[in-house]
Amino acid sequence: MGTASAIEDYAFVGDLQSGALVGRNGSIDWLCLPRFDSPACFAALLHDESAGRWLLAPAGGGRATSRRYRDDTLILESEWHTAEGSVRVVDCMPLRGDAADLVRVVEGISGRVTMRMDLRIRPDYGRIVPWVNRVGNALRAIAGPDAFWLHTPVQVYGENMSTRAEFTVEAGDQVPFVLTYKPSHLSGRPRPVDAVPAIEDTEKFWRTWMSRCTYRGKWNDAVRRSLVTLKGLTYRPTGGILAAATTSLPEQLGGSRNWDYRFCWLRDATFTLQALVGTGYLEEAAAWREWLLRAIAGNPADLQIMYGVDGTWRLPEYELDWLSGYEGSRPVLVGNAAANQFQLDVWGEVLECFYVAREAGMPASDTAWNLQKSLLDFLEGNWSRPDSSLWEVRGASRHFVHSKVMAWTGVDRAVRSVLHHGRWGPVDRWEQLRDRIHAEVCEKGFDTGRNTFTQFYGSKGVDAALLLLPRMGFLPWNDPRVRGTVETVARELSEDGFLLRYRPEADGGVDGLPGSEGTFLVCTFWLADALHGIGRRREALELFERLLSLRNDVGLLSEEYDPATGRHLGNTPQAFSMVGLVNTALWLSGTADISSLDGHPGQTGADTPADPFTASDDGLRA
């Protein structure tokens, strides 16, 4: 059984290429170098301290009395107030130069406090004990391709396969520790950063970055912290944005629903773009769109749902069987087999993403439009296939309603791009295809007896993703079918007011997996949006405030939440949850409008704009 902290007890620091999780006890229990998706050198999170960790705290132990991020940065400050005095540990990963650095500075506040340092570097997810030796005034640990260098003025010693130190600090003292990573085959000793100036430079970077934020609505602090976290999950060399910094944190404690989330999901793109564009970060939005364009270049039939941070295609899934898992939750997995699934909605998500960028005024290109037309060609021939849904079920493929609606969305955005943005395409044919998909979904995906859309054709269950139908413009918010669906989803998927993605036991077990999971936070943000959309604004605001109360002490959210225990579940920090927070704040504060598309032409409340374009004989419009 592992000895890691509660998921909600971790803070996140990063350098826009990798990230570390710091517990309230002063232990860094997760760090992958040199990239987010590299093998972890600290993996105590998924086992115990023998899998690698870096503890720096008062010798008496215990949780930090208080901690906070330094303003709008990823610089973490943890304070302990003990009987002997008070001390602060500042954790930071400065933006990378030639090497990756993890900086920890102990600051004396008052009295005289004895500190303890315990460093256990364990490359390859805790499997390897490195060779450690002293080189000058530094300590070097080498294992295969990896080399780590520890620089500190404190006298350290080896004991029980770890590097340790005990020292005292008084008021005004600053004691630095710098752990530097460098590939072992590169000759020469890396030059470590100067700890205190590096922290100051990092603070300047974050202050400058946050000065571009245009959000000035209610919940300002929560939005800003979410944006900093989202930026922290960005892989700076490519512009890709990770789903989360971790792998295999469970959706059910002790269960097997444990997945690797250190990749870039295409379906997150639209929501992420909305959050970035809505808060003034057009540069990041453009970088994310360019990452997307590079990643999906090629045959549209080969489109994957996720890619590596650099656009890597192959993400084979395998088990790390030497790790016991977070609180005994096994298997511990690296890679993600869902990358090979057919998930129909992704084609629509990508087309919607490019449309959102176009609406935001980002420069378009003929190359991007040609790619989109290829995606449309694929959709035209494949939209009627069953798929694995956005939830990546590992059971049988089915005709999931949300997937069909996203296929409709992709075609709809192509039509709108021709009619309103000067693009060229067979718009008459696309309009007919859009109408066919719409008619089939309304016929086969709607339960007239219950007045709700269903999870898949003929299903008795519902799906939180159905809340997105009006958001995509499939039907207007005032359509009675939308209200019926929102109310049914809220009633049937609620756990103490928070939403499950779906009921795993419904329809005989739709996802093909054992066990259950917690409530899904982004789905509950969608519910707040939907309640607001159908006019139940007070309930929407109350639900959003409840969601904000689930953030941990430094403002972070994981993927899921267990209302029965009050525990965070799933990988952390979760970009989808933080993006959901930003978009719901934009929506509820009136800063942005997620209902700008008024529904499918011909449906209740929909508008049919006058067509300013002229049809040619071949059905193409300019």
Side-chain angles (χ1 to χ4, degrees), residues 4-6 8-15 19-31 41-42 44-45 49 52-71 73-94 100-121 139 148 150-156 162-180 192-203 206 232 552-556:
S5 299
E8 60 271 19
D9 279 347
Y10 285 104
F12 169 70
V13 298
D15 65 356
L21 294 190
V22 188
R24 293 197 66 157
N25 60 353
S27 180
I28 297 178
D29 289 345
W30 184 255
L31 174 64
C41 57
F42 299 148
L45 179 71
E49 61 269 16
R53 64 97 181 258
W54 189 5
L55 176 70
L56 186 57
R63 291 155 55 94
T65 308
S66 64
R67 61 179 183 167
R68 61 187 176 275
Y69 284 112
R70 184 180 294 181
D71 298 324
T73 75
L74 282 181
I75 302 169
L76 180 69
E77 299 180 338
S78 305
E79 295 184 2
W80 285 261
H81 303 298
T82 73
E84 292 74 31
S86 298
V87 66
R88 178 186 303 117
V89 174
V90 181
D91 290 311
C92 169
M93 291 186 72
D101 297 289
L102 176 55
V103 173
R104 313 194 77 181
V105 176
V106 181
E107 299 179 343
I109 300 173
S110 65
R112 181 181 176 87
V113 181
T114 300
M115 297 292 293
R116 173 190 173 206
M117 194 277 290
D118 183 83
L119 173 63
R120 305 186 189 202
I121 300 172
L139 211 64
F148 305 84
L150 176 67
H151 293 82
T152 179
V154 172
Q155 184 66 41
V156 301
S162 68
T163 300
R164 295 181 175 176
E166 281 200 3
F167 58 100
T168 58
V169 292
E170 299 179 353
D173 287 347
Q174 287 185 317
V175 182
F177 295 80
V178 179
L179 184 67
T180 303
V193 297
D194 192 348
V196 173
I199 292 173
E200 293 172 351
D201 289 343
T202 303
E203 183 176 2
W206 284 107
N552 72 358
D553 60 308
V554 289
L556 303 183

Sole residue of I121, V13, L102 in side-chain contact (heavy atoms from CB on, under 4.5 Å) with L31:
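Passing option: L102.
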
Out of D553, N552, T65, which residue meets the side-chain contact (heavy atoms from CB on, under 4.5 Å) rule with R24?
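Going through the options one by one, the only one that passes is D553.
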
Would R104 pass as a cation-pi partner of W54, given that its NZ or CZ must be under 6.0 Å from the six-membered ring centre and within 45 degrees of the axis?
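Yes, R104 sits over the ring of W54.
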
Does any non-hydrogen side-chain atom of [Y] lie less than 4.5 Å from one of [X]?
{"X": "F148", "Y": "C41", "result": "yes"}
{"X": "L21", "Y": "D29", "result": "no"}
{"X": "M93", "Y": "L74", "result": "no"}
{"X": "L119", "Y": "L150", "result": "yes"}
{"X": "E107", "Y": "D173", "result": "no"}
{"X": "V87", "Y": "V106", "result": "yes"}
{"X": "P94", "Y": "D201", "result": "no"}
{"X": "D101", "Y": "L179", "result": "no"}

Walk me through it: do T163 and L139 pass the test side chain to side chain contact (heavy atoms under 4.5 Å, CB included)?
CA-CA 9 Å; T163 300; L139 211 64; 3.5 Å; yes

Residue pair [X] / [Y]: nearest heavy atoms and the distance that separates them:
{"X": "F12", "Y": "G232", "result": "CZ-O, 3.6 Å"}
{"X": "A11", "Y": "L556", "result": "CA-CD1, 4.0 Å"}
{"X": "G23", "Y": "R67", "result": "C-NH1, 3.9 Å"}
{"X": "V113", "Y": "P58", "result": "CG1-CB, 4.2 Å"}
{"X": "V154", "Y": "A165", "result": "CG1-CB, 3.7 Å"}
{"X": "A57", "Y": "M115", "result": "C-CE, 3.4 Å"}

Nearest-0.5 Å distance, [atom1] of residue [X] to [atom2] of residue [Y]:
{"X": "E200", "Y": "I75", "atom1": "CD", "atom2": "CD1", "result": "9.5 Å"}
{"X": "S110", "Y": "H81", "atom1": "OG", "atom2": "NE2", "result": "8.0 Å"}
{"X": "R112", "Y": "E170", "atom1": "CZ", "atom2": "CD", "result": "4.5 Å"}
{"X": "N25", "Y": "Y10", "atom1": "CG", "atom2": "OH", "result": "7.0 Å"}
{"X": "D91", "Y": "S78", "atom1": "CG", "atom2": "OG", "result": "6.0 Å"}
{"X": "E203", "Y": "R70", "atom1": "CD", "atom2": "CZ", "result": "5.0 Å"}

Hey, is E79 close enough to R88 for a salt bridge, meaning N to O under 4.0 Å?
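Judged by the 4.0 Å cut-off on N to carboxylate O distance, E79 and R88 do form a salt bridge.
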
Less than 6.0 angstrom separating the ring centers of F167 and F177, yes or no?
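Between F177 and F167, which both carry aromatic rings, the centre distance is below 6.0 Å.
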
Given the rule in the side chain to side chain contact (heavy atoms under 4.5 Å, CB included) test, do T73 and T202 qualify, once you have shown the distances and angles that lead to the verdict?
CA-CA 8 Å; T73 75; T202 303; 6.0 Å; no

Given side chain to side chain contact (heavy atoms under 4.5 Å, CB included), test T114 with E166 step by step and report yes or no.
CA-CA 7 Å; T114 300; E166 281 200 3; 4.3 Å; yes

Please check: side-chain N/O of R164 versus main-chain N/O of D118, any donor-acceptor pairing under 3.5 Å?
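No, the answer is negative, given that no donor and acceptor are paired below the 3.5 Å cut-off.
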
